[in-house]
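Reading through the structure tokens given below for one structure.
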Amino acid sequence: MKSLADLEAIRQKTINKVNLRNENEGDTRIVVGMATCGIAAGARPVMQAFVEEIQKRNLNGVYVSQTGCVGLCKFEPIVEVYLPGKEKVTYINMTAEKAAKVVNEHIVNGNVISEYTIGNLE
Amino acid sequence: MELVRSHVLVCGGTGCSSSHSEQIIEEFEAQIKKNGLDSEVKVVKTGCFGLCALGPVVIVYPEGSFYSMVQTEDVAEIVEQHLLKGRIVKRLLYKETIEEDNIKSLNEVDFYKKQKRVALRNCGVIDPENIDEYIAYDGYKALGKVLTEMTPEQVVETVKASGLRGRGGGGFPTGIKWAFAAAQPEGQKYVLCNADEGDPGAFMDRSILEGDPHSLIEAMAIAGYAIGANQGYVYVRAEYPIAVHRLQVAINQAKEYGLLGDNIFESGFSFDLELRLGAGAFVCGEETALMTSIEGHRGEPRPRPPFPAVKGLWGVPTILNNVETYANIPVIFLNGVEEFTSIGTEKSKGTKVFALGGKINNTGLVEVPMGTTLREVVYEIGGGIPNGKSFKAAQTGGPSGGCIPASLIDTPIDYDSLIAIGSMMGSGGLIVMDEDTCMVDIAKFFLEFTVDESCGKCVPCRIGTRRLLEILERITSGKGTLEDIDQLEELCLSVKSSALCGLGQTAPNPILSTLKYFRDEYVEHVVDKKCRAGVCKALLSYKIVADKCKGCSLCARNCPVNAITGEIKNPYTIDQDKCIKCGVCMNNCKFGAIVKE
């Protein structure tokens with residue numbers, strides 16, 4: 001290591017790996033339903049797609065977490081997105097492809113993809 | 001890039017390691033693999049979280065779930081439920097984090113709420129054996145800043161302005177110490193770290209070494225730049241195998257990255273660091289003895305002056321600071337003097353780490369701003385005294401410190417307030433005592449320790465502490481007189497004023513402070529031949545209350561010396577001449593008919 005820039009490069013490289021351990025108010029949380037019903041409907045690839053996409057885009061302060069059954073088993077895999085200061089958005093019948101889109105449109109650009117949400121049913 | 005969505009942090013400090021956290025880590029890795037989660041969940045061995053009483057401790061992120069007292073059998077459940085299905089295993093959560101079915105953030109728990117972690121900032125957060133994680137948390141940034149933007153004089157001035165005082169116990173201003181050494185003519189100088197933590201019940205430095213070794217390395221390099229030294233030594237006790245190992249790993253990593261060695265950050269400044277292992281003599285925590293030991297001689301102190309800043313290791317200017325003092329240094333340069341001085345009191349800046357032990361619910365490691373009261377530490381952070389007993393006193397400063405009685409529980413903890421009441425900050429051991437503790441016995445315990453640890457070089461310490469102990473033994477065995485108490489006090493004062501080094505000069509403190517606040521207990525031992533706490537065996541007697549005794553003979557059958565006799569269905573009696581006061585009879589009696597007084 002020769003310079004402060006080298007040090008900063010290592011910091012940047014590692015920070016996303018450890019950021020997970022800080023609890024910040026302004027974090028975005030993506031919660032995937034991972035009860036038996038969710039797993040059976042294919043929640044794992046969905047969750048993996050989220051993680052992969054977040055890392056591909058090097059997003060800071062976005063975490064993927066899991067939860068149990070919310071009671072709407074027929075709409076699994078269900079994913080809830082909590083953006084700081086915004087209402088929770090619930091996506092249903094998710095797939096890995098849809099997950100990538102949600103990251104792109106919703107998390108990065110802030111546009112909820114209404115056609116995937118539970119509200120679109122009515 | 002690896003796909004990691006969850007981190008499982010397992011405490012790898014000495015406390016949790018001794019309750020098998022190593023096996024827990026292995027089990028986590030095995031279970032995670034079994035469930036096919038090994039690409040997305042990472043297990044990290046960290047330093048101490050502080051709540052040692054509840055170890056082994058496991059934290060799962062991003063949820064921040066705090067699992068306490070985890071057993072290897074529980075691991076499969078955590079992996080299958082929490083990591084695979086996202087169901088937090090409430091049964092294993094630290095109970096303080098659950099409130100009416102809601103799970104609170106760890107920072108909201110009483111134990112952590114009042115704490116301010118500066119020296120312990122990375123303990124329990126990073127993997128101490130991974131330099132990249134330290135760098136991610138702004139590690140080595142302070143060193144970079146110091147080497148590229150500041151002159152050595154500015155570094156010394158900054159430390160001076162921060163008001164940082166030695167955390168090893170003495171409380172000497174760190175900046176002034178550095179200035180002395182920096183003012184010496186150029187040439188070979190040394191930077192030393194005192195990691196020879198020897199007080200009974202103290203483990204602050206060990207936890208920093210185990211949890212955040214790089215902060216020490218960084219700070220010592222900064223110190224080297226400030227005073228113009230190119231070599232440092234960490235004197236660490238060999239009884240701290242985990243700390244020694246992690247420190248060595250950290251030094252190797254820093255060398256590999258060029259953060260130790262020649263021409264660091266191309267500034268022209270070179271600094272190297274080595275470990276020196278101590279054999280664990282208490283006196284080697286004294287600065288001159290420590291240096292004598294590093295030089296390869298028997299660890300014995302020498303008179304000061306000359307002070308180490310002028311003539312230290314191998315006769316050249318040397319600075320010696322404690323681990324916790326160094327751990328504060330990078331923070332001062334990163335966040336600025338102003339932020340550091342905003343914590344604490346007027347004359348004691350920053351925070352202090354305490355190893356909380358004794359009769360307290362939350363045994364462990366706490367870091368609080370200077371000026372926090374003892375009451376807050378004992379009742380709010382420490383969770384109070386177990387079994388509904390009442391607080392009698394707290395002992396700070398180990399064998400060199402003194403007792404703070406219940407009447408002074410609202411004393412703010414800082415260097416000057418503690419000295420004013422006859423105790424001292426010490427390195428940070430804080431032992432809480434309840435009504436079952438005999439103050440004379442406590443003084444005797446610490447004197448036994450100093451008698452053992454006295455190096456024998458000077459007469460006041462070698463013979464004086466021995467005589468002090470003999471008087472205490474007379475008092476606790478019921479053979480003391482009132483003259484003994486006066487003599488004890490007089491001898492204390494002469495040892496204090498005439499011993500060669502800090503060990504001897506402070507050895508009488510436990511006696512002096514207990515005499516000051518608990519003299520009536522000494523008098524009681526001498527005059528009434530009574531120990532109110534029921535600790536001093538020679539002053540105790542076990543008696544059978546005739547009204548309550550049903551004559552079942554259980555006590556007589558259990559007595560190892562056949563001191564209890566009687567007839568079935570009639571009250572039994574204890575022969576006091578035969579009784580060895582082991583207490584077996586009282587523990588076994590079904591009717592509470594045996595009392596000790």
Side-chain angles (χ1 to χ4, degrees), chain A residues 1-25 27-40 43-58 60-70 78-80 82, chain B residues 1-7 9 36-37 39-42 44 46 59-65 81-88 105-108 122 124-127 130-141 143-145 147-149 254 256-261 263-267:
Chain A
M1 187 176 309
K2 289 284 168 224
S3 65
L4 282 176
D6 295 343
L7 188 72
E8 185 59 24
I10 295 178
R11 199 177 85 88
Q12 285 303 337
K13 200 183 81 194
T14 323
I15 198 155
N16 286 334
K17 293 188 191 168
V18 293
N19 243 341
L20 202 58
R21 297 175 209 161
N22 305 333
E23 288 176 43
N24 296 322
E25 289 286 309
D27 290 337
T28 298
R29 284 197 305 135
I30 301 172
V31 181
V32 185
M34 291 284 278
T36 306
C37 51
I39 295 172
R44 284 197 56 78
V46 171
M47 188 190 65
Q48 279 160 340
F50 270 112
V51 175
E52 223 161 304
E53 202 59 30
I54 289 165
Q55 271 165 356
K56 210 191 285 171
R57 294 169 179 276
N58 222 358
N60 246 329
V62 182
Y63 307 124
V64 179
S65 181
Q66 304 149 295
T67 189
C69 175
V70 289
I78 295 177
V79 173
E80 293 168 327
Y82 296 81
Chain B
M1 187 178 260
E2 48 181 356
L3 302 172
V4 177
R5 64 167 167 87
S6 184
H7 288 185
L9 271 58
L37 297 172
S39 65
E40 55 196 76
V41 179
K42 187 176 163 196
V44 184
T46 69
I59 300 188
V60 179
Y61 283 105
E63 290 85 4
S65 309
Q81 292 298 318
H82 187 160
L83 295 176
L84 190 65
K85 297 181 184 165
R87 294 179 195 144
I88 291 169
S105 157
L106 201 52
N107 300 330
E108 293 298 307
N122 290 329
V125 178
I126 63 166
D127 175 353
N130 185 339
I131 188 171
D132 288 355
E133 290 200 0
Y134 179 66
I135 292 173
Y137 282 92
D138 293 326
Y140 291 106
K141 211 172 170 179
L143 178 63
K145 186 175 161 192
L147 293 185
T148 54
E149 296 170 17
E256 203 175 299
Y257 271 30
L259 294 165
L260 281 176
N263 200 8
I264 302 168
F265 286 121
E266 298 196 312
S267 63

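In what follows, every chain begins at residue 1, and chains take the letters A, B, ... in the order their sequences are listed. Please read these numbers as outputs of a predicted model, since none were measured by experiment.
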Between atom [atom1] of [X] and atom [atom2] of [Y], what is the distance when rounded to the nearest 0.5 Å?
{"X": "A:R11", "Y": "B:Y140", "atom1": "CZ", "atom2": "OH", "value": "15.5 Å"}
{"X": "A:Q66", "Y": "B:R5", "atom1": "CD", "atom2": "CZ", "value": "4.0 Å"}
{"X": "A:L7", "Y": "B:K145", "atom1": "CG", "atom2": "NZ", "value": "13.5 Å"}
{"X": "B:K85", "Y": "A:T36", "atom1": "NZ", "atom2": "OG1", "value": "4.5 Å"}
{"X": "A:D6", "Y": "B:I135", "atom1": "CG", "atom2": "CD1", "value": "10.0 Å"}

Heavy-atom pairs under 4.5 Å with chain A: which of [options] has the most?
{"options": "B:G258, B:G144, B:G139", "result": "B:G144"}
{"options": "B:N130, B:L83, B:L143, B:I88", "result": "B:L83"}
{"options": "B:N263, B:D138, B:I126", "result": "B:D138"}
{"options": "B:E256, B:R87, B:H7", "result": "B:H7"}

Item checked: Test item: B:E133 and A:T14 side chains (from C-beta on) under 4.5 Å apart, heavy atoms ->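 Yes, at least one pair of side-chain atoms sits under 4.5 Å.
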Notebook entry, point to check: Are A:R44 and B:L37 close enough that some pair of their side-chain heavy atoms sits under 4.5 Å apart?
Noted result: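 They are in side-chain contact.
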Margin query: Quick check: closest heavy atoms across A:Y63 and B:P62, and the distance to 0.1 Å?
Written below: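 So the two residues come closest at CB-CB, 3.9 Å.
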Region of [X] that comes under 4.5 Å of a non-hydrogen atom in chain A:
{"X": "B:D127", "result": "backbone"}
{"X": "B:L84", "result": "both"}
{"X": "B:L259", "result": "side chain"}
{"X": "B:S6", "result": "backbone"}

Check: Side chain, backbone, both or neither: which part of A:I39 has an atom under 4.5 Å from a heavy atom of chain B?
Finding: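 The answer is the side chain of A:I39.
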Item checked: Interface moiety of A:S65 toward chain B, non-hydrogen atoms closer than 4.5 Å ->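 Its backbone and side chain both get close to chain B.
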